[in-house]
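To find a chain, count down the sequence lines: A is the first, B the second, and so on, and within it residues start at 1. Computation of the quantities below employed the complete heavy-atom set of this structure, encompassing side-chain atoms and omitting hydrogens, waters and symmetry-equivalent molecules. Values in this document were obtained by computation on a predicted structure and should not be read as measured data.
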Protein chains: 2
Amino acid sequence: MTQRYKIYLLCTNDTKNFLYISHMNKKTIPDEALFDTDPFMPGLSVDCVTIGFEDNKLKVLVLKWKTLGGLWTLPGGFVFKNEDLNEAAIRVLKERTGIKLPFLEQFHTFGAVNRRDPNEIDGFIKNLESFGIEGELMNWFSQRFVSAGYVSLIDIQKCNLKTDVFSAEIKWASLEELPDLILDHNHIVKTALDYIKNLLQYLPVGITLLPEKFTMKELQYLYEAILQKKLDRGNFQRKMLKLDIFNRHEKMMEGKANKAPYLYSIDKERYEKLLANGYGFSS
Amino acid sequence: MTQRYKIYLLCTNDTKNFLYISHMNKKTIPDEALFDTDPFMPGLSVDCVTIGFEDNKLKVLVLKWKTLGGLWTLPGGFVFKNEDLNEAAIRVLKERTGIKLPFLEQFHTFGAVNRRDPNEIDGFIKNLESFGIEGELMNWFSQRFVSAGYVSLIDIQKCNLKTDVFSAEIKWASLEELPDLILDHNHIVKTALDYIKNLLQYLPVGITLLPEKFTMKELQYLYEAILQKKLDRGNFQRKMLKLDIFNRHEKMMEGKANKAPYLYSIDKERYEKLLANGYGFSS
DNA sequence: TCAAAAGTGTTATCTGTACACCCATGT
DNA sequence: ACATGGGTGTACAGATAACACTTTTGA
């Protein structure tokens, strides 16, 4: 029943969740840091499309590997055998951003055999070799993975980004300058954006992307970024306010040469209620 | 890399896809019918929520196991290592209904650790034992599975139902009399129905459930079944016709004591076009 | 001829859309 | 004072909702 592939993990202080692939000879890794792949579901992973909003642009959280090529990936991870799929995604998100699920939703599972472009495999294998990965450990990494995709919408300001042990860098990449990602990760991002775009048609999701207090204009820019189209200012304002999920605050007075706009925040309770209902087919 | 669990498969004439669990002693199974679990992805399955429409009711395709308890399940199967997840679902659907994907869509992946109710496990294991399953084969079946759920909407008339080797019976069960299903299959059905209901808000999906030619009233009943609410006849008719995806035919004259309604069929081309577009956020 | 259900009409109301007007604010 | 952009008003087009009227059909 259990897998027999040995794999080398380093227990860091705050997590046992990340594989540690060392440039060091494995003899230099302390004994208590050695584990095998038993705790993980074979062939199963989660990938998180973590969306933020900054400078009126949508951004996606990406990691750069500690490899020669410096390939980019989505944050992701394996799933413990005693862990719900959702929990795995929540864990990954928590570890990269320090935030626990403001909005986290499974949108699609990617299960094509050729998620990994055949042309890409050689480079991938070479990269793993450069980390000192070999034998059964190599088998683990080069096996076929089916990956569940999760989207979350996050307030960038609240994040405390951390790389994982594979990666040298973690950053918010705007959609225009999204780097080439490994495997089908670019496709995963596109699918996630379509999902959110569709969701926004009938649910005011995405408000979680904004800081605590925001102006209607900022909210409008967010909608425009997700929907990829211009909206009418006046109509947007009315439409949003009619949802009756906002609290209006005192004015902002920042040094702009115009009338100071109101600040709004979300009334959590009414917002949740609205999310639960959605819209209906008319007549 | 490869799994080592032996499993016993019988190659039937038309498929190698189904595990055959024999009451016979395994010595009576011909040698060429013996395989191990190597061809399958461990811990991964697909489940199909196959929806039809008959007597103005939505129906779901279910199978009854050849076990003592006669437990019911959704049609489902394992995924070959060299097979796309989608392909696995298409294959399962094809084998049960004889139909190749009129509409087949992955809607959610079920990955809770306790998909299998702990109280249920004992009975499940006993059932497997009653089939003569033991040892590593038992391990295969009692391992944790993550399952990708697929919905399809099918014209019942076109189906040619076949049981699989596990099952004694296959039938269309109306939602009101849907039996208790194993694992979280009842939950899977509910999730699929919610998904379709949501989809119908902005796409005229589900028309594929009806036979080639149908009346507007029949279409309305279908909508009412999916949306779980009454619709206004006149308004519904206008709304549908305005979609401009139907061809009107000569009348039906069946012996009803009323004005004979028109028959309509779908104009495939315009229908596909509409599906591709959907609706947009207004303003 | 009559009940049933199709097809179509009518109307008030609501929503979407476009754009205008006035007001507050920092330069 | 004035350019900028917020807040709100208005008016038209189209969609929605409720229901009425007429027509066709088999019994």
Side-chain angles (χ1 to χ4, degrees), chain A residues 55-56 197 200-204 210-211 213-265 274 277-283, chain B residues 55-56 200-204 210-211 213-225 227-265 274 277-283:
Chain A
D55 304 332
N56 294 331
K197 184 173 169 180
L200 201 65
Q201 311 289 347
Y202 55 98
L203 284 182
L210 294 172
K213 295 184 180 180
F214 49 88
T215 66
M216 273 299 141
K217 198 60 185 282
E218 288 169 334
L219 183 59
Q220 184 183 338
Y221 284 140
L222 169 60
Y223 266 68
E224 290 179 344
I226 296 178
L227 298 175
Q228 294 287 316
K229 68 158 127 173
K230 285 276 169 220
L231 302 173
D232 181 273
R233 182 176 58 86
N235 296 332
F236 180 81
Q237 191 126 333
R238 253 189 306 266
K239 187 168 187 172
M240 285 299 124
L241 290 177
K242 203 167 45 180
L243 293 176
D244 192 34
I245 54 171
F246 300 103
N247 295 318
R248 178 184 277 191
H249 299 275
E250 69 298 347
K251 302 197 172 197
M252 73 185 286
M253 310 187 276
E254 288 301 296
K256 291 283 180 59
N258 56 24
K259 190 173 179 177
Y262 287 110
L263 284 175
Y264 294 90
S265 63
L274 187 62
N277 293 340
Y279 294 148
F281 188 89
S282 48
S283 186
Chain B
D55 304 332
N56 295 330
L200 200 65
Q201 311 287 350
Y202 54 97
L203 284 182
L210 294 172
K213 294 183 180 180
F214 50 87
T215 66
M216 273 299 140
K217 198 59 186 282
E218 288 170 333
L219 183 59
Q220 186 184 334
Y221 283 140
L222 169 61
Y223 265 70
E224 290 181 345
L227 298 175
Q228 294 285 317
K229 69 157 123 173
K230 286 276 169 221
L231 302 173
D232 181 273
R233 184 175 58 84
N235 295 333
F236 180 81
Q237 191 126 334
R238 254 188 305 268
K239 188 168 185 171
M240 284 299 125
L241 290 177
K242 204 168 43 181
L243 292 177
D244 193 32
I245 55 170
F246 299 103
N247 295 319
R248 180 184 274 192
H249 299 275
E250 70 298 347
K251 300 195 170 195
M252 72 185 288
M253 311 188 276
E254 288 302 294
K256 289 282 180 58
N258 57 25
K259 189 171 178 177
Y262 288 110
L263 284 174
Y264 294 89
S265 64
L274 186 62
N277 292 342
Y279 294 148
F281 189 89
S282 48
S283 186

key: side-chain contact (heavy atoms from CB on, under 4.5 Å) between Met240(B) and Tyr223(B), worked out   = CA-CA 11 Å; Met240(B) 284 299 125; Tyr223(B) 265 70; 3.6 Å; yes
Rounded to whole angstrom units, what separation is found between the [atom1] atom of [X] and the [atom2] atom of [N]?
| X | N | atom1 | atom2 | result |
| --- | --- | --- | --- | --- |
| Leu263(A) | dG5(D) | CG | C1' | 15 Å |
| Asn258(A) | dT27(C) | CG | P | 11 Å |
| Met216(A) | dG7(D) | CE | C1' | 12 Å |
| Asp232(A) | dT15(C) | CG | P | 17 Å |
| Asn235(B) | dG7(C) | CG | C1' | 13 Å |
| Met240(B) | dT8(C) | CE | P | 16 Å |
| Phe236(B) | dA6(C) | CZ | C1' | 14 Å |
| Arg238(B) | dA17(D) | CZ | C1' | 10 Å |

Any Lys239(B) side-chain N or O less than 4.0 Å from OP1/OP2 of dA15(D) = no
ask   = When you check the phosphate oxygens OP1 and OP2 of dA6(C), does a side-chain N or O of Lys217(B) lie under 4.0 Å from one of them?
value = yes
5' priority, DNA chain D, between Lys259(A) and Arg248(A) [closest heavy atom] = Lys259(A)
Beyond-backbone contact of Asn56(A) with Glu224(A), side-chain heavy atoms, under 4.5 angstrom =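 A side-chain contact is absent here, since even the closest heavy-atom pair is not under 4.5 Å.
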inquiry  = Would you say that Tyr221(A) contacts Phe214(A) through its side chain, given a criterion of any heavy-atom pair below 4.5 Å between the two side chains?
reply    = no
request  = Enter the distance from Leu200(A):CG to Leu227(A):CG here, rounded to the nearest 0.5 Å.
outcome  =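 With rounding to 0.5 Å, CG (Leu200(A)) is 5.0 Å from CG (Leu227(A)).
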ask   = Which residue lies toward the 5' end of DNA chain C, Arg233(B) or Arg233(A), if each is placed at its nearest nucleotide?
value =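 In this pair, the answer is Arg233(B).
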message = Using the side-chain heavy atoms of Ala260(B), tell me which of these nucleotides is nearest: dT25(D), dT16(D), dA6(C).
response =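 Shortest atom-to-atom distance from the side chain points to dT25(D).
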